[in-house]
Chemist: 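Would you mind keeping the following structure in view while I ask a few things?
Residue numbers begin at 1 in each chain, while the letters A, B, ... track the order of the sequences.
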Amino acid sequence: MAFLYLDIETDNSQGLGLDPFRSKVATLQLLLPNGRPCIIKDPENLDALKPILERNIVVGTNLKFDIKFLKHHFGVNITQIFDIMIAEQVLSGGELTGFTKGRSLKDLVFKYCGAMLDKTEQTGFKHGVPLTKSQEEYVINDIKYLPQILKQQQAKIKATGLEAVIEREMSTIPSVVWLELSGMPLDLKRLKEIEARDTHRKEALEAELKKELSCAGSQQTLNQTPSIKHINLNSTKQLTEALKAKGYKIESTSKEALSMYAADPLIQKLREYKKLQKKLSSFIKTMPDFIHPVTGRIHPSFDQYGTRSGRFSCREPNLQQQPSRGEEGAEWRAIFRARHGYKIVAADFSQIELRILGELAEEQEFIRAYTQGIDLHRLTASKIFKVPLEEVTKTQRSIAKTVNFGLNYGMWKNGLQLRLREDAHIEVSLGEAEQFIRDFQQAYPAATNYLNRISKEGLQKLALRNRAGRLLKLSTPRNEREEGTVKREAKNLPIQSLCADIIKDALKNIYARLEPKGVLFINTVHDELVFECKEEQAEAVSRAVKEEMEKAGSLFLKDLPCVAEVTVADYWRKD
DNA sequence: CTTTTGGGCGCG
DNA sequence: AAAGCGCGCCCAAAAG
């Protein structure tokens, strides 16, 4: 097996050069193992090259892009990959998140070879038009530095012991290709019905609110009447002023700030307005624009290393933040609907972050609960309220749930009070909140010790490694407030990142089993994987996904089980 | 005029 | 005494 250095240029004459469904490959450049460059102009098929591409390790930058084109146009399935952009992120400990922030080819060529790459030719390629001299030079330049970069990165990987993480990230790339080509199915008719109803409702609320709020303004300050009359409800500044004029003691218009007026009719109306405004502007309005003209589906861009923890991020549109909570959320998720004769299989890990905390901290009470199938929130409730397990009330359990999750993130009493108010609609004093935290710490001393230890270690070293070997860099704090942030990050990142490693490991094996069967991989949301498959496949797909997710969990968690819950439905459902 | 920043809020 | 972690998107306001 040898290294093959690869890059492609795509036809950008319609400005669609990034779209594998609407653009052709204009050139394919290879650097053969013997160092010889080779340019294939306007490939019609790659039958001769296919075995070579599939049997060697393909090296390049942001290879998901190239591989998508080669798979879609030529049926070439590249699975052995070394992507220098992804490698750089692994080496940087997740510092280089977001696009073109020091991880592009240009950046890496400069960093490792000291050369300046001229990218001005990048967007000028066209299928069927011969290369100019300058274009030819450009495409060779794009591959000629790859061997040097690879070599230096490999040395660093070895020196830092990041081989396993590199391996995991590289073997995730075929799944990202699978994901982006698959796309999410959308029921546009259902979306339009929701849009009509919500737009109507929002406009009614807007009119009422403007009337009530401008009224207060004219009483208060006569000369400002015109501006207040046309209050923009989306302007936090104007809205704060208007509410202050009405006598509300607020400094911000966030829902937390407004939560102390939860019983006030005007505030209720305002919160409903804000919710609808958010839903309409962020989700409803733009979604139809993302329907792909060729596939009729939604094809977001996924970044497998989009976060410091190694989680995926997603954009245009972000399918990781679609409303899901409550009745409204359930209704919204139903717009993501499988084709006729197909089902959507969604699998998510049950309370995986708390399980990871239990494992890492060797917290025997967590281990006992998860091993024996005791509900951890109920267990915590019984401990902090000092009642037997079976006597825990609904309210007590929901308080305990907030405490369990919050402590994982290093929450303080004020934060706990706020979260209880927001999530559980439970009002507690600061003293009570403080007591809950103490009770938690007393009930779970090992978890408490672990979190204290790791936060100190994080602050001291400004870098951590998770159980899967992933490097987690923390930024140097400039003041005490930032020190606090670093300590909280240090508590959370080893847990969050291990979840990312587990899901990536599962994904690699799921790809091998399900992609060849024509199953589509349509979304991933941190601890959840979503697929679309033929109805008759749904049972087998569910089993395979559950099996691989739990197997991946047991690779890293030894003392307690990881459980994946699978649902099969006509649409993307959360159970 | 365009770009950047910050508040706010959707998800895990 | 003490701002709960990780993201992307929309909008308004400020900055260039």
Chemist: Given C:dC9, B:dG7, C:dC7, identify the nucleotide with an atom nearest to the side chain of A:Gln321.
Modeler: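 Nearest to the side-chain atoms of A:Gln321, counting from C-beta on, is C:dC9.
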Chemist: Would you mind telling me which of C:dC5, B:dG12, C:dC9 lies closest to the side-chain atoms of A:Ser324?
Modeler: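 It is B:dG12.
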Chemist: What's the closest nucleotide to the A:Thr253 side chain, out of B:dG8, C:dC7, C:dC11?
Modeler: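 Among B:dG8, C:dC7, C:dC11, the one nearest the side chain of A:Thr253 is B:dG8.
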Chemist: Taking only the C1' atom of each, what is the distance from B:dG8 to C:dA3 in whole angstrom?
Modeler: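 Those two atoms are separated by 15 Å.
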Chemist: NA contact type, A:Gln496, heavy-atom cut-off 4.0 Å: base, sugar-phosphate, or nothing?
Modeler: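 The answer is base, as A:Gln496 lies within the cut-off (heavy atoms under 4.0 Å) of a base atom.
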Chemist: Does A:Lys255 reach a base, just sugar-phosphate, or nothing at all? Heavy atoms under 4.0 Å.
Modeler: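 If one applies the 4.0 Å heavy-atom cut-off, A:Lys255 turns out to touch the sugar-phosphate alone, with no base involved.
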Chemist: Would you say the side chain of A:Arg481 and the base of C:dA3 hold a donor-acceptor pair, judged only by whether the two atoms sit under 3.5 Å apart?
Modeler: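 Yes.
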Chemist: Which is more 5' along DNA chain C, the nucleotide nearest A:Thr485 or the one nearest A:Glu480? Just name the residue.
Modeler: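 Nearest nucleotide further toward 5': that of A:Glu480.
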Chemist: Measure from the ring center of A:Phe405 to the ring center of A:His377 and say whether it is less than 6.0 Å.
Modeler: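 Centroid separation for A:Phe405 and A:His377: below 6.0 Å.
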Chemist: Measure from the side chain of A:Lys274, starting at C-beta and using heavy atoms only, and say which of B:dG12, B:dG8, C:dC11 lies closest.
Modeler: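 Among the listed nucleotides, the one closest to the side chain of A:Lys274 is B:dG8.
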Chemist: Nearest whole angstrom, please: distance from the P of C:dA12 to the NZ of A:Lys278.
Modeler: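 Answer to the nearest Å: 14 Å.
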Chemist: Choosing from B:dC11, C:dA3, C:dG6, which nucleotide comes nearest the side chain of A:Pro323?
Modeler: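 Nearest to the side chain of A:Pro323 among the choices is B:dC11.
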Chemist: Assert yes or no for the condition that the ring centre distance of A:Tyr444 to A:Phe440 is strictly below 6.0 Å.
Modeler: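 Centroid distance A:Tyr444-A:Phe440: below 6.0 Å, so yes.
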Chemist: Do A:Glu195 and A:Lys285 meet the salt-bridge criterion of a basic N to acidic O distance under 4.0 Å?
Modeler: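 Salt bridge flag = no for A:Glu195 with A:Lys285.
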Chemist: Could one point to a donor on the side chain of A:Arg325 or the base of B:dG10 with an acceptor on the other under 3.5 Å away?
Modeler: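 In this structure, the two groups form no donor-acceptor pair.
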